[in-house]
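Reading through the structure tokens given below for one structure.
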Amino acid sequence: MINLNYENTLVSAVGSEGISPEKLESLKKDGFRILEELKEDPPGFMQLPLRFEEARDISARAASLKGFKNLVVLGIGGSALGNITLHQALNDPYYNLRSDRPGPRLFVLDNSDPAWTESLARLIDVKETLFNVITKSGSTAETLANFFFFLEKLKKETPDWKEHIVITTGEKGFLREFADENSLRTFPVPEPVGGRYSVLSEVGLLPAAICGIDILKLLEGASDAMENEHVPVIYAALQYYYYKKGKNINVFMPYSKRLESAADWFRQLWAESLGKNEKTGPTPVKALGATDQHSQMQLYMEGPRDKIITFLTVNETEPELRIDYGGHFLSGKSIRDLFNAESRGSMQALTEASRPNMCLEIPEVNAYHTGELIYQLEAACVIAGRMFGVDPFDQPGVELGKKLAYQILGTE
Ligand code: PA5
């Protein structure tokens, strides 16, 4: 199972910058109490890991959708970031370029920047493409704008355009009505699940299954994670403690390029869930080891003491990639040795500089542990939300910008 190593946050490791065992114990008690309360009336994200029957049904339906050359996901925020995370973590880094890939090429269009939409339209043949339009509300403008653009193309280029669309949406909204009127294939977004907590629902599972990811293993990892309560409780407790101590920046730094997008997903989870009431909200910052050692580490080591660093390391041994270049200090070592030494070096250096840091130790980046990681971070976020006294499931602050954009368009 995933382990949270928090040694480097303790007084014994970082002196007065650290948390005392007594304080941690008392915050842990709060965390476990919150978790018990949550379990009495489980919010949507806690129900998803147990939906094995639905996942089997998704797998079966996904199998019939694999025949396309391209899968284009149209969605934004919680309707896109989880998909990108699963794909980057669990499929080959050059998946789209591989002829032996286990599904269609995948493109996730999660922006209304027309340059990207236009470029994708030039790259793909819509007659060989399945569009999975994902929006819980069924009315998100960025998603609909891209959908309408491709819909027009589809209608022009193929009489069986309906076969090229799958809609994943909530019970109400424009897209639900559109799907019903046109008898399109649909998948539900379960009602109690908010966008950024929805990756383990149809939102993330369908595209993942079409692209060959074992979605039952994802759920297995997530459901087993429910038993490993120490991880989210301690993570939330430490984040809460350090925020109150003025460390209001949470750097999330995987030493795994496959988990780079997980950091984007985490950023949304943390920011939209905890940034509330003008008072609360650790700022999540994404960094990537070892790349950002050459970009951000100077700041983390010698900049203001306003950060708490979360490392993610993966305990894999393959591929190793031995280096043989006589006389050089790297000779006889492997690229993996270097990578591992760098993560350890970073943690040690920060600790020696009394900069608290912790590490989520992941046995392997596979479907099981990715499901586990997703669930643990969601649970930690909700527990932290309760500690901060905010509602981790709403996002009222994003409404005004949308409203003003629609006014500028002249539609309100
Ligand atoms: O977490 C959330 O609820 C949001 O970030 C949504 O995922 C995002 O705004 C997209 O919404 P929708 O799925 O309704 O298109």
Side-chain angles (χ1 to χ4, degrees), residues 43-48 72-87 108-113 117 131-151 165-179 184 186-208 261-276 280-284 286 374-375 377-382 384-385 390-406 409 411:
F45 86 95
M46 283 182 134
Q47 301 171 26
L48 294 181
V72 174
V73 168
L74 303 177
I76 197 165
S79 291
L81 291 168
N83 282 306
I84 301 170
T85 298
L86 295 182
H87 184 69
V108 182
L109 211 50
D110 68 340
N111 202 308
S112 51
D113 181 339
T117 307
F131 292 88
N132 184 193
V133 194
I134 310 179
T135 159
K136 180 175 181 193
S137 62
S139 56
T140 299
E142 294 88 342
T143 304
L144 290 184
N146 282 323
F147 175 52
F148 293 148
F149 174 80
F150 282 110
L151 180 64
I165 299 169
V166 178
I167 307 277
T168 306
T169 194
E171 288 165 11
K172 293 191 201 115
F174 171 83
L175 216 52
R176 169 60 61 192
E177 285 169 27
F178 178 87
L184 298 176
T186 61
F187 284 80
V189 182
E191 194 36 48
V193 182
R196 57 191 173 275
Y197 296 91
S198 69
V199 51
L200 297 178
S201 77
E202 282 74 352
V203 169
L205 297 185
L206 177 67
S261 296
D264 282 320
W265 169 83
F266 175 82
R267 224 159 47 105
Q268 185 208 6
L269 180 72
W270 220 244
E272 278 193 346
S273 302
L274 303 180
K276 307 272 158 80
T280 293
T283 300
K286 167 191 169 180
I374 286 169
Y375 181 82
L377 291 172
E378 288 177 349
C381 183
V382 174
V390 299
D391 178 355
F393 299 116
D394 67 0
Q395 59 284 329
V398 297
E399 289 310 315
L400 182 61
K402 277 199 227 169
K403 214 173 152 191
L404 292 176
Y406 301 158
L409 279 174
T411 55

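Order of listing sets the numbers, starting from 1, for every ligand and every atom in it.
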Identify, by atom number and element, the atoms of ligand 1 in contact range of [X], meaning under 4.0 Å from any of its heavy atoms.
| X | value |
| --- | --- |
| Arg196 | 1 (O), 2 (C), 3 (O) |
| Glu272 | 1 (O), 2 (C), 4 (C), 5 (O) |
| Gln395 | 3 (O) |

* Asked: Is there any N or O on Gly78 that sits under 3.5 Å from an N or O of ligand 1?
  ->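 N/O-N/O distance below 3.5 Å exists for this pair.
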query: Looking at atom 5 (O) of ligand 1, what's its closest protein heavy atom, distance included?
result: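 Ranked first by proximity to atom 5 (O) of ligand 1 is Gln268 NE2, 2.6 Å.
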Next item on the list: From atom 3 (O) of ligand 1, work out which of Gly195, Ser139, Gly173 has a heavy atom at the shortest distance.
Entry: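 The nearest heavy atom belongs to Gly195.
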Pick, from Ile134, Val189, Thr168, Thr140, the option with the minimum heavy-atom distance to atom 15 (O) of ligand 1.
->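 That would be Thr140.
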For the pair [X] (side chain) and [Y] (backbone), establish whether a donor and an acceptor sit closer than 3.5 Å, ignoring hydrogens and angles.
| X | Y | result |
| --- | --- | --- |
| Asp110 | Ala80 | no |
| Thr169 | Thr135 | yes |
| Lys276 | Asp394 | yes |
| Lys136 | Glu191 | yes |

Is the closest heavy atom of Thr143 to ligand 1 under 4.0 Å?
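For ligand 1, residue contact (heavy atoms, under 4.0 Å) with Thr143 is absent.
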Practice problem: Measure the distances from the heavy atoms of Glu142 to every atom of ligand 1 and state whether one is below 4.0 angstrom. | Solution: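 No, that is not the case, since the closest heavy atom of the residue is not under 4.0 Å from the ligand.
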* Within residues 197-206 or reaching into it, pairs that qualify as salt bridge (charged side-chain N to carboxylate O under 4.0 Å, His left out) - sequence neighbours excluded ->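 Listed by first then second residue: Arg51-Glu202.
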*asked:* For a side-chain hydrogen bond (donor to acceptor under 3.5 Å, both in side chains) check, start with the C-alpha distance between Asp264 and Thr85, then their side-chain angles and the critical distance, and finish with the verdict.
replied: CA-CA 8 Å; Asp264 282 320; Thr85 298; over 6 Å; no
### Query
Heavy atoms of the protein only: does one fall short of 4.0 Å from atom 9 (O) of ligand 1?
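Neighbour list for atom 9 (O) of ligand 1 is empty of protein heavy atoms (cut-off 4.0 Å).
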Let me check something: any side-chain donor-acceptor pairs from residues 138-145 under 3.5 Å, sequence neighbours excluded? List them with distances.
residue : atom : partner : partner atom : Å
Ser139  : OG   : Ser137  : OG           : 3.4
Thr140  : OG1  : Ser137  : OG           : 3.3

